[in-house]
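Read the structure below first, then the notes.
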Amino acid sequence: MPLPRDIEEAREAQVEATEAVKTADHLFDLAVAARLGEAEALLEISEESICGHEQLGAAAELADSLKALHFPRRLPRGVLAREVRF
């Protein structure tokens, strides 16, 4: 049984949104690893320097193993709202 069109569209939008912020996820992974001394800190913040960082794979694995929650990425409304409500 095929999914209703609105659910299918929502899933497609989620995939697109996740892809659109992939570089931000990588930046946060690298920041966690650098803070723990497991990766060199970035001296330049650009899509090329982030996505091409030689320690990105290890940083992503470390962040995943720590179950790091990148707050601005996971809860953008809470971070961007004038009044934080949880």
Side-chain angles (χ1 to χ4, degrees):
M1 183 170 141
L3 292 173
R5 185 68 192 140
D6 59 336
I7 294 175
E8 201 173 303
E9 288 173 357
R11 287 184 177 174
E12 290 171 8
Q14 179 64 38
V15 168
E16 290 174 15
T18 299
E19 186 63 32
V21 296
K22 187 177 278 190
T23 302
D25 278 340
H26 293 333
L27 175 61
F28 293 132
D29 289 346
L30 287 165
V32 167
R35 182 76 182 199
L36 295 173
E38 298 294 325
E40 292 180 28
L42 288 167
L43 299 177
E44 175 190 338
I45 305 295
S46 69
E47 188 168 357
E48 295 79 27
S49 67
I50 295 167
C51 294
H53 196 285
E54 63 184 38
Q55 296 166 316
L56 178 57
E61 286 180 20
L62 176 63
D64 188 51
S65 74
L66 295 172
K67 304 218 183 306
L69 174 68
H70 305 317
F71 229 39
R73 164 74 176 88
R74 299 294 179 211
L75 302 167
R77 286 187 184 167
V79 173
L80 298 175
R82 291 177 192 237
E83 290 184 46
V84 178
R85 297 179 186 166
F86 289 96

Are there over 12 heavy-atom neighbours, none belonging to [X], within less than 6.0 Å of that residue's [atom1]?
X: Glu12; atom1: CD; value: yes
X: Arg35; atom1: CZ; value: no
X: Glu47; atom1: CD; value: no

Side chains of Thr18 and Gln14: is there a donor and an acceptor less than 3.5 Å apart?
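There is such a pair between these side chains.
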Are Val15 and Val21 linked, directly or through intermediate hydrophobic residues, by side-chain heavy-atom contacts shorter than 4.5 Å (ILVMFWY only)? no
Heavy-atom pair of closest approach, residues [X] and [Y]:
X: Ala33; Y: Leu62; result: CA-CD2, 3.8 Å
X: Cys51; Y: Leu56; result: O-CD2, 3.8 Å
X: Leu30; Y: Ala59; result: CD2-CB, 3.8 Å

Report task. Quick one: pull up CD1 in Ile50 and CG in Leu27 and give me the separation to the nearest 0.5 Å. Result ->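 With rounding to 0.5 Å, CD1 (Ile50) is 4.5 Å from CG (Leu27).
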Could I get the full list of side chain to side chain contact (heavy atoms under 4.5 Å, CB included) partners for Gln55, not counting sequence neighbours?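 Partners of Gln55 by the side chain to side chain contact (heavy atoms under 4.5 Å, CB included) criterion, ordered by chain and then number, come out as Ala39, Glu40, His53.
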Q.
Restricting to side chain to side chain contact (heavy atoms under 4.5 Å, CB included), what partner residues turn up for Ser46, sequence neighbours left out?
A.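 Side chain to side chain contact (heavy atoms under 4.5 Å, CB included) list for Ser46, sorted by chain: Glu44, Glu48, Ser49.
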Checklist entry - Is the shortest distance from a Lys or Arg side-chain nitrogen in Glu19 or Lys22 to a carboxylate oxygen in the other one below 4.0 Å? => result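 So Glu19 pairs with Lys22 through a salt bridge.
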